[in-house]
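Every chain is numbered from 1 and lettered A, B, ... according to where its sequence line falls, protein lines coming before strand lines.
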Amino acid sequence: MLPYLPNFVQKSKSQTMPRQQLEKTYDPEQVEERWYQFWTTKGYFHASVNSQAPPYSIVIPPPNVTGSLHIGHALNNSLQDILIRWRRMQGRNTLWMPGTDHAGIATQIVVERQLIAEGTTREALGRQKFVERVWEWKAEYGDIIVQQLKRLGASCDWDRLRFTMDEGLSRAVREVFVRLHEDGLIYRGKRLINWCPRCLTALSDIEVEHEEIQGKLYHIRYPLADDPSIVLLVATTRPETMLGDTAVAVHPEDPRYNRLIGRKVSLPLTHRQIPVVGDPILVDREFGTGAVKITPAHDFNDFEAGERHRLPRVAIFNEHAQLSPTGLQNAEVEEGVRGRLVMLSVPAARALVVQELEARGFLAGVEPHKMALGKCYRCKTVVEPYLSPQWFVKIKPLAEPAVKAVEDGRIRLIPESWTNNYLGWLRDIKDWCISRQIWWGHQIPAWYCRNCHADLLHATKPDGTVIIPPEAKPIVARTTPAHCPDCSMGDFIRDPDVLDTWFSSALWPFSTLGWPEQTPELKVFYPTSTLVTGLDILFFWVARMVMMGLKFTGQVPFRDVYIHALVRDVEGQKMSKSKGNVIDPLSVMDRYGTDALRFTLASMASPGRDIKLATERIEGYRNFANKIWNAARFILINLEGPRSEAPLRERSLTDRWITSRLHRCIDSVNRHLDLYRFDEAANALYQFIWHEYCDWYLELSKPALADKGSAQAAHTRATLVETFETLLRLLHPFMPFLTEEIWQALPHTGDSIMVAPYPTANEAAFDDAIEREIGDVQKVITGMRDGRSVQGIPPSMKLQGVIRAAEDEARQLVEKHRDTIIKQAGLSNLTVGDMAIKYPVHAIIGSLVLSHGQLIEFSIALPAGTMEAAKERSKSRKEKRLSELAAQIEQDQKKLSNPDFVSKAPPEVLEKTRKRLEESRLEHEKLSQELQLLRAQP
RNA sequence: GGGCGGAUAGCUCAGGUGGGAGAGCGCUGCCCUUACAAGGCAGAGGUCACAGGUUCGAUCCCUGUUCCGCCUACCA
């Protein structure tokens with residue numbers, strides 16, 4: 001235990017310096033690592049499968065192994081850690097399952113870049129060597145993000161750290177693939193998919209980002225084959241694809257064109273003639289010219305139209321999205337143009353085709369047109385629809401139960417407003433393309449018999465990968481098959497594709513717990529309790545986990561899904577390295593401390609709203625940490641002497657007051673955390689600690705502590721320790737390091753604050769009467785301070801005060817607290833009496849109404865000679881207040897003279913209005929008198 | 001094109017079930033009052049986007065408008 005003694009204790013013991021000379025500011029740097037070490041060695045993060053306590057579990061959204069902690073991670077994981085620490089302190093058997101994601105495309109890109117820097121390439125290395133290289137890379141850099149999470153204070157169960165490419169998780173992936181295939185929910189087919197010509201792989205629909213751009217709509221003339229005088233005008237945004245057209249569609253009920261259905265047009269720039277077909281689905285009569293070209297190999301709608309009309313598919317682009325020689329040949333493009341077109345990129349091809357069409361009079365017009373452009377979410381390259389054999393998950397049968405689970409409340413989305421989004425997406429979901437043409441990832445467990453496919457398996461890609469044609473028959477199995485079921489030979493080639501990274505992520509909640517084994521972990525911690533995630537991966541990840549969880553465990557993977565917002569910069573812009581507006585959480589932690597960062601993020605996590613983060617805000621919470629630090633210093637300095645064991649009711653009014661307020665704060669924090677209102681919980685803590693505990697309670701406690709030997713001091717010391725220790729526990733989930741550091745220095749029981757019990761509100765401690773009474777005292781003090789502040793009187797100048805009140809009750813209150821008022825309002829003495837007693841000669845006067853409606857008047861004497869200026873300032877303030885009151889009075893009078901209001905408003909509102917009116921009148925009358933007095937004076 | 005969210009103090013945002021507008025930061029004034037100048041005390045600052053409606057009463061509920069985000073979509 002000794003090496004972990006906090007700074008407080010070490011310093012005050014090891015050096016004989018007086019306690020007052022403890023560090024004045026909190027230094028997070030030398031605190032954080034020490035306590036994290038301590039927690040880890042003590043094994044506090046580890047969850048037990050043998051515990052009898054009710055479980056609470058969260059699986060981390062696995063960050064990419066290539067990742068470095070960004071502010072989004074910081075938010076996501078701070079919130080998770082708050083929940084986990086809160087529940088752990090509440091006594092739950094808590095598991096926070098950590099891990100990382102192999103991030104197929106992203107990781108492959110990183111390692112490829114490294115190879116290029118070394119002067120070699122992935123292709124030169126070959127698949128096996130390349131994958132080895134990625135593993136080496138992972139071994140070296142893969143846990144950077146893990147270290148960064150630790151820096152953030154994340155209390156993950158690191159003993160259980162997982163990786164999506166681990167053997168266990170890979171086994172789960174294979175198992176799921178095979179079972180889905182057996183159930184007919186996975187199939188292979190040649191279909192049009194989204195293709196990234198830079199990554200050279202297929203992408204799923206949601207991996208395509210749509211960007212609205214100002215494009216052009218081209219009108220092109222297609223003359224009838226047997227009567228060139230008749231021209232069909234088609235409209236397109238992609239004129240270069242016309243070379244691959246295999247039909248033109250018109251609406252069957254469009255009188256302008258329907259007589260042309262069944263005839264043929266000559267496709268410009270080619271030797272081909274293509275049919276005119278009628279298609280009510282594809283064609284919108286209102287749009288463009290009412291006639292559409294059909295290019296089944298390069299457009300999703302056209303692909304489907306092509307199926308309907310059994311049209312041939314002419315693919316003209318290669319995998320790099322360049323016009324391929326064979327494509328152009330198949331398209332029967334005129335020889336003259338073909339030579340100039342070959343190997344051109346899409347934009348170049350478009351320019352040339354348009355130019356050529358125009359030169360020959362086929363171009364009828366160009367108009368501006370807004371359209372959406374699809375881009376690869378990893379590299380931002382424009383995505384092409386590309387015809388190729390791929391693996392798909394038939395998703396509808398999986399989506400339906402996932403819809404139901406949310407509909408019937410087995411899964412709750414928070415905030416609820418995302419529910420419709422989620423449901424809408426799932427109800428309208430399309431099959432999921434899961435194969436990727438990269439090397440890093442889970443290779444698809446499908447094999448092809450070389451013997452049966454002797455003629456089919458010869459072609460290879462430039463990187464040496466064998467091309468498996470769509471008609472090849474896959475054997476899907478958990479391990480390499482021994483014999484071919486058809487020919488019983490044993491020579492196989494494995495499908496070279498790997499699975500979409502999100503395929504393995506979808507299994508995360510149960511694969512990390514050991515599935516398909518029925519492990520104790522799975523029994524205890526599944527379904528998990530809460531998932532905390534950003535809305536950007538609601539579809540990518542959350543929806544798919546629900547589908548897979550239900551399919552393979554029969555249970556939902558989690559009960560609550562808390563969806564937090566994105567972190568943006570002050571301007572509301574998405575943070576990105578290229579814009580240079582990133583706030584790096586690591587440098588924030590260096591500069592302001594981890595606790596300040598965590599508290600900032602928590603306090604800004606309002607539901608359904610993006611977080612616009614400014615460093616000033618973080619600085620503010622760094623100051624908050626320092627404030628707490630100094631409150632702790634104050635308490636430690638004043639701790640000498642016995643502490644009373646007396647029950648609360650025997651303690652002072654202020655002690656009872658702060659206890660009551662503390663328990664309201666406890667109540668508020670717990671309630672808000674229950675509702676995932678991290679912001680409200682954080683704000684309640686901030687408000688209470690700074691503005692009630694420090695600003696008032698610590699100040700009010702000073703006189704009581706002055707006489708160390710007094711019984712009063714013993715009571716107050718006890719209250720200080722009890723309340724502050726409780727407060728630290730209450731704050732711990734938000735600011736784990738600071739609270740541990742201080743807690744260890746305070747009298748406490750237990751080894752660590754992180755396993756101490758979380759405070760619960762004791763309603764018996766709530767005391768309305770005392771809160772009202774102290775509230776009145778605060779009002780009097782503030783009123784008198786205001787008076788002197790307006791006159792610019794320095795705090796060091798003690799003034800004579802007089803308080804008058806007509807009612808005994810009010811005078812008694814003031815008498816009871818006279819010492820407090822004298823001290824806090826900076827008075828030299830205080831005279832209390834009825835309305836007959838005199839004010840000092842040079843005095844400014846004020847008045848206020850107490851909580852029970854009694855009016856009190858007060859005055860503070862000013863130094864001679866300052867009266868003239870003081871009167872003016874005082875006058876204008878009183879005038880202002882007077883007009884406010886007048887407006888208030890008028891408003892309330894109007895209400896109360898309205899018979900509808902009196903008869904229809906609820907009684908308590910009526911009562912409140914009457915009381916307010918009465919008090920306003922009282923104060924108004926008093927103020928008028930004071931003002932008159934001021935005016936009357938020379 | 002659909003869907004969702006937002007518009008409240010100079011800035012960033014809170015404001016369960018309608019009943020005297022709040023916080024943080026910033027700003028102004030006075031203060032080094034031995035826990036804290038990363039601080040204390042006090043203060044200024046708002047036709048709650050606009051127009052209607054419901055109601056005794058609307059920042060809150062309803063309708064419409066404008067502007068701004070986000071998600072989604074195959075209108076060539």
Side-chain angles (χ1 to χ4, degrees), chain A residues 20 22 24-26 206 210 217-218 234-238 249 281-284 286-295 299-305 369 371-372 385 415 417-418 420-421 424-425 428 535-536 538-539 565-566 568 570 572 592 596 603-604 606 608-614 616-617 619-638 675 677 679-680 683 686-687 691 694-695 698-699 702 782 785-796 824 826 877 888 891-892 895 898-906 908-910 912-913 916 920:
Chain A
Q20 288 90 326
L22 289 172
K24 274 190 168 184
T25 50
Y26 171 59
I206 49 176
H210 294 274
L217 192 62
Y218 300 84
V234 302
T236 179
T237 54
R238 300 197 56 190
I281 300 171
L282 184 67
V283 180
D284 174 356
E286 311 299 317
F287 186 86
T289 58
V292 195
K293 62 197 251 339
I294 302 182
T295 324
D299 182 283
F300 290 100
N301 290 320
D302 293 6
F303 180 85
E304 283 171 25
H369 180 66
M371 51 187 279
S417 51
W418 289 107
N420 281 338
N421 232 329
W425 186 76
D428 193 30
L535 61 95
D536 49 334
L538 182 62
F539 303 141
L566 256 52
R568 296 168 180 281
V570 204
Y592 300 109
S603 75
M604 297 186 82
S606 307
R609 210 185 254 261
D610 283 344
I611 297 177
K612 291 185 199 163
L613 190 61
E616 295 80 53
R617 198 67 190 255
E619 196 181 333
Y621 290 116
R622 185 270 316 261
N623 295 353
F624 178 53
N626 194 48
K627 185 77 180 176
I628 297 164
W629 177 261
N630 276 291
R633 285 180 64 220
F634 171 81
I635 291 170
L636 286 169
I637 289 166
N638 287 287
L675 301 169
R677 289 303 302 263
D679 56 331
E680 295 278 12
N683 291 338
Y686 183 97
Q687 192 63 28
H691 296 303
C694 292
D695 286 352
L698 292 186
E699 290 307 320
K702 283 177 183 174
T782 304
R785 281 174 180 169
D786 177 31
R788 53 184 296 154
S789 176
V790 166
Q791 308 308 336
I793 294 162
S796 52
Q824 302 299 330
R877 278 183 66 99
Q888 182 68 59
Q891 200 186 336
D892 286 339
K895 273 187 184 172
N898 179 348
D900 281 329
F901 177 76
V902 177
S903 62
K904 287 179 185 165
E908 61 272 19
V909 173
L910 205 59
K912 209 168 144 186
T913 311
R916 183 169 63 221
S920 305

Using a cutoff of under 3.5 Å, can you pull out all pairs of nitrogen or oxygen atoms linking the protein to nucleotides 67-69 of chain B, with atom names and distances?
none

[atom1] atom, [N] versus [M]: distance in rounded Å?
N	M	atom1	answer
B:C13	B:G6	P	13 Å
B:G19	B:A58	C1'	10 Å
B:C25	B:U65	C1'	34 Å
B:G46	B:U59	C1'	11 Å
B:U12	B:G16	C1'	23 Å
B:A37	B:U33	P	11 Å
B:G5	B:C41	C1'	41 Å
B:A9	B:A23	C1'	11 Å

Find the distance between [atom1] ([X]) and [atom2] ([Y]) and round it off to the nearest 0.5 Å.
X	Y	atom1	atom2	result
A:Thr913	A:Gln891	OG1	CD	9.5 Å
A:Glu699	A:Cys694	CD	SG	9.0 Å
A:Thr25	A:Asn630	OG1	CG	8.0 Å
A:Leu538	A:Trp418	CG	CH2	7.5 Å

Starting at atom [atom1] of [X], determine the distance to atom [atom2] of [N], rounded to an integer number of angstrom.
X	N	atom1	atom2	answer
A:Tyr686	B:A23	OH	C1'	9 Å
A:Arg677	B:A23	CZ	P	17 Å
A:Asn630	B:C32	CG	C1'	14 Å
A:Lys24	B:A37	NZ	P	5 Å
A:Lys895	B:U55	NZ	C1'	13 Å
A:Gln888	B:A21	CD	C1'	12 Å
A:Asn421	B:G3	CG	P	12 Å
A:Phe300	B:C75	CZ	C1'	16 Å

Here's a test of your reading of the structure: between A:His691 and A:Ala631, which maps to the more 5' nucleotide of RNA chain B? A:His691
Along RNA chain B (nearest heavy atom to each residue), the more 5'-positioned of A:Ser417 and A:Ala905: A:Ser417
Please find the pair of heavy atoms, one from [X] and one from [Y], that lie closest to each other, and give the distance.
X	Y	result
A:Phe901	A:Leu910	CE2-CD1, 3.5 Å
A:Ala235	A:Thr289	N-OG1, 3.6 Å
A:Tyr592	A:Arg622	O-CG, 3.5 Å
A:Gly826	A:Arg788	O-NH1, 2.6 Å

Please tabulate, one pair per line, each protein N/O and nucleotide N/O from nucleotides 28-31 of chain B that are separated by under 3.5 Å, including the distance.
{"residue": "B:G29", "atom": "N2", "partner": "A:Ser789", "partner atom": "OG", "Å": "3.4"}

May I ask you to say what [X] touches in the nucleic acid, namely base, sugar-phosphate or nothing, with a heavy-atom cut-off under 4.0 Å?
X	value
A:Asp679	nothing
A:Leu675	nothing
A:Arg617	base
A:Gly290	base
A:Pro899	nothing
A:Glu680	sugar-phosphate
A:Asp786	sugar-phosphate
A:Leu698	base
A:Asp284	base
A:Thr913	nothing

Could one point to a donor on the side chain of A:Arg622 or the base of B:A38 with an acceptor on the other under 3.5 Å away? yes
Any N or O donor-acceptor pair linking the side chain of A:Lys627 to the base of B:C36 at under 3.5 Å? yes
Counting only side-chain heavy atoms from C-beta out, which of [options] sits nearest to [X]?
X	options	result
A:Asn301	B:C75, B:C41, B:C74	B:C74
A:Arg877	B:G43, B:A76, B:A23	B:G43
A:Phe539	B:U12, B:G19, B:C71	B:C71
A:Arg633	B:A76, B:A35, B:C56	B:A35
A:Glu616	B:C25, B:G43, B:C56	B:C25
A:Arg916	B:A76, B:G20, B:C13	B:G20
A:Val283	B:A76, B:A14, B:A42	B:A76

Side-chain contact, heavy-atom cut-off 4.5 Å: A:Ile628 with A:Tyr26? no
Assigned partner base of [N], Watson-Crick or wobble definition, under 3.5 Å:
N	result
B:G5	B:C68
B:A58	none
B:A42	B:U28

Heteroatom pairs (N/O) under 3.5 angstrom, protein to nucleotides 45-47 of chain B:
{"residue": "B:G45", "atom": "OP2", "partner": "A:Lys880", "partner atom": "NZ", "Å": "3.4"}

Is [X] reaching over with its side chain to a backbone N or O of [Y], donor-acceptor style, under 3.5 angstrom?
X	Y	result
A:Asp786	A:Thr782	no
A:Ser789	A:Arg785	no
A:Asn638	A:Phe634	yes

Give a yes/no on whether any side-chain N or O of A:His210 is located under 4.0 angstrom from OP1 or OP2 of B:U72. no
Does A:Asn898 place a side-chain N or O at less than 4.0 Å from the phosphate oxygens OP1/OP2 of B:G57? no
Could you go through A:Arg238 and A:Asp299, starting from their C-alpha distance and side-chain angles, then the distance that decides it, and tell me whether this counts as salt bridge (Lys or Arg N to Asp or Glu O under 4.0 Å)? CA-CA 10 Å; A:Arg238 300 197 56 190; A:Asp299 182 283; over 6 Å; no
Parallel, tilted or perpendicular, as decided by the 30° and 60° cut-offs, for the rings of A:Tyr686 and A:Tyr621: perpendicular
